[in-house]
Amino acid sequence: MLIERLNVLLPYQVRRLTEEDGDEIFALQRRHPEYHALFLNHKAKKADVISDLTSIPEGVLPENKFYLGMYDADKLVAIADVVLNFPTSKTAWLGLIMVDYDVVGQGIGGKIIEMLKQALMREQFEQLCTIVPTESDVGFFFDAHGFSTGEEMLMGVREDGCEIVGKLRTVDLNVIK
């Protein structure tokens, strides 16, 4: 139902992406080297971004993973990685949202976040969570869309041994009007 709701709410065609979409996903993501520099100590490769298609947290059912593509006609304009019922029941986790470099700043990411919140609320989810690396400058984006800042957490360790730290960001879907 999530995809169907997003297709109604967004001015884009939304669908689950697969490995067959790998070239499009990589083309969109490789134009955001600053994002990948937070997690990788090398230039992003296609295999790095494609692995996110099936990567799920321990204990999560594969059917709760939605690696979504938003298309304007035939052009992939944004991607979002959403996991339902994680880390708890009635919570959705936003692993990634990324807009095509050519349309950054046009409000597309914000529109997707707002409609994702609406769709999740209609599906009876109570929270949408994400984690934002402390070295990233996108915290303002989540502030603008009602996410509160939570505790600092270890996100992982890069291949070079550098710890990746982020802040938990949460929005309560029960207070959306």
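It should be emphasised that the depicted structure is a prediction, and the values quoted were computed from it without experimental measurement. What you see below is based on every heavy atom in this structure, not just the backbone, and it leaves out hydrogens, waters and symmetry mates.
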Derivation of the side-chain contact (heavy atoms from CB on, under 4.5 Å) call for Leu53 and Thr18: CA-CA 7 Å; Leu53 284 168; Thr18 68; 5.7 Å; no
side-chain contact (heavy atoms from CB on, under 4.5 Å) between Tyr67 and Ile79, worked out: CA-CA 7 Å; Tyr67 198 98; Ile79 54 177; 3.4 Å; yes
Full working for side-chain contact (heavy atoms from CB on, under 4.5 Å) between Lys90 and Gln124: CA-CA 7 Å; Lys90 298 296 181 186; Gln124 306 299 310; 3.8 Å; yes
Intermediate values then yes/no, side-chain contact (heavy atoms from CB on, under 4.5 Å), His36 and Asp48: CA-CA 9 Å; His36 294 289; Asp48 295 321; 5.8 Å; no
Check against side-chain hydrogen bond (donor to acceptor under 3.5 Å, both in side chains), Thr149 and Arg169: CA-CA 5 Å; Thr149 302; Arg169 306 301 300 261; 3.2 Å; yes
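Taking a cutoff of 4.0 Å between a charged side-chain nitrogen and a carboxylate oxygen, Glu114 and Lys111 do not qualify as a salt bridge. The pair Glu123-Arg5 counts as a salt bridge, with a side-chain nitrogen and a carboxylate oxygen less than 4.0 angstrom apart.
Taken from CD in Glu19 to OG in Ser51, the straight-line distance is 10.0 Å, to the nearest 0.5 Å. Between the CE atom in Met70 and the CD1 atom in Ile108 there is a gap of 10.5 Å [rounded to 0.5 Å]. Rounding to the nearest 0.5 Å places CZ of Arg122 at 10.5 Å from CE of Met1. Between Thr91 atom OG1 and Leu173 atom CG the span is 8.5 Å, to the nearest 0.5 Å. The CG atom of Leu96 lies 5.5 Å from the CD atom of Gln29; values are rounded to the nearest 0.5 Å. Note that the CG atom of Leu116 and the CG atom of Leu9 stand 10.0 Å from one another [nearest 0.5 Å].
Side-chain contact between Thr88 and Glu126: absent, with no pair of heavy atoms (C-beta onward) separated by less than 4.5 Å. Here the side chains of Asp100 and Lys75 are in contact, with some heavy-atom distance below 4.5 Å. Put simply, the side chain of Phe125 reaches to within 4.5 Å of the side chain of Asn85, judged on heavy atoms. When side chains are defined from C-beta on, Val77 counts as touching Tyr12, because their heavy atoms get closer than 4.5 Å. In this structure, the side chains of Phe147 and Thr170 stay at 4.5 Å or more apart for every pair of heavy atoms. Taking the side chain as every heavy atom from C-beta outward, Ile164 and Phe39 approach each other to under 4.5 Å.
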For a quick test of your reading: what N or O donor-acceptor pairs under 3.5 Å do the side chains of residues 127-140 make, sequence neighbours left out?
| from | atom 1 | to | atom 2 | distance (Å) |
| --- | --- | --- | --- | --- |
| Thr130 | OG1 | Leu94 | O | 2.6 |
| Thr134 | OG1 | Val165 | O | 3.2 |
| Ser136 | OG | Val138 | N | 3.2 |

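Take Arg15 and apply the side-chain contact (heavy atoms from CB on, under 4.5 Å) test, not counting sequence neighbours, and it matches Leu17, Asp21, Glu24, Tyr71. Residues satisfying the side-chain contact (heavy atoms from CB on, under 4.5 Å) criterion with Glu163, sequence neighbours excluded, are Leu154, Val157. For Asp74, there are no side-chain contact (heavy atoms from CB on, under 4.5 Å) partners at least two apart in sequence or on another chain. The ring pair (Phe, Tyr, Trp, His ring centres under 6.0 Å) check on His145 picks up Phe141, with sequence neighbours excluded. With sequence neighbours left out, the side-chain contact (heavy atoms from CB on, under 4.5 Å) criterion links Pro33 to no other residue.
The main-chain N or O of Val14 is found under 3.5 Å from a side-chain atom of Asn7 such that the two form a donor-acceptor pair.
In terms of heavy atoms, Ala78 sits closest to Ile112 at CB-CD1, 3.4 Å. Residues Gly109 and Ile97 approach most closely at O-CD1, 3.7 Å, considering heavy atoms. Taking both residues in full, the closest heavy atoms of Leu6 and Ala119 are given as CD2-CB, 4.0 Å, listed atom of the first, atom of the second, then distance. Shown here for Ala92 and Leu84, the closest heavy-atom pair between the two residues is CB-CD2, 4.0 Å.
Other residues, nucleotides and ligands contribute only 12 or fewer heavy atoms inside 6.0 Å of the NZ atom of Lys167. Counting non-hydrogen atoms of other residues, nucleotides and ligands closer than 6.0 Å to CD of Glu20 gives a total of 12 or fewer.
If you chain together hydrophobic residues whose side chains sit under 4.5 Å apart, Ile50 and Phe66 never meet in one group. A continuous path of hydrophobic side-chain contacts links Phe26 to Leu38 [ILVMFWY only; heavy atoms under 4.5 Å]. Note on Ile25 and Val83: same hydrophobic cluster, where clusters join Ile, Leu, Val, Met, Phe, Trp and Tyr whose side-chain heavy atoms are under 4.5 Å apart, directly or indirectly. Both Leu120 and Val171 belong to a common hydrophobic cluster when Ile, Leu, Val, Met, Phe, Trp and Tyr are linked at side-chain heavy-atom distances under 4.5 angstrom. If you chain together hydrophobic residues whose side chains sit under 4.5 Å apart, Trp93 and Leu2 never meet in one group.
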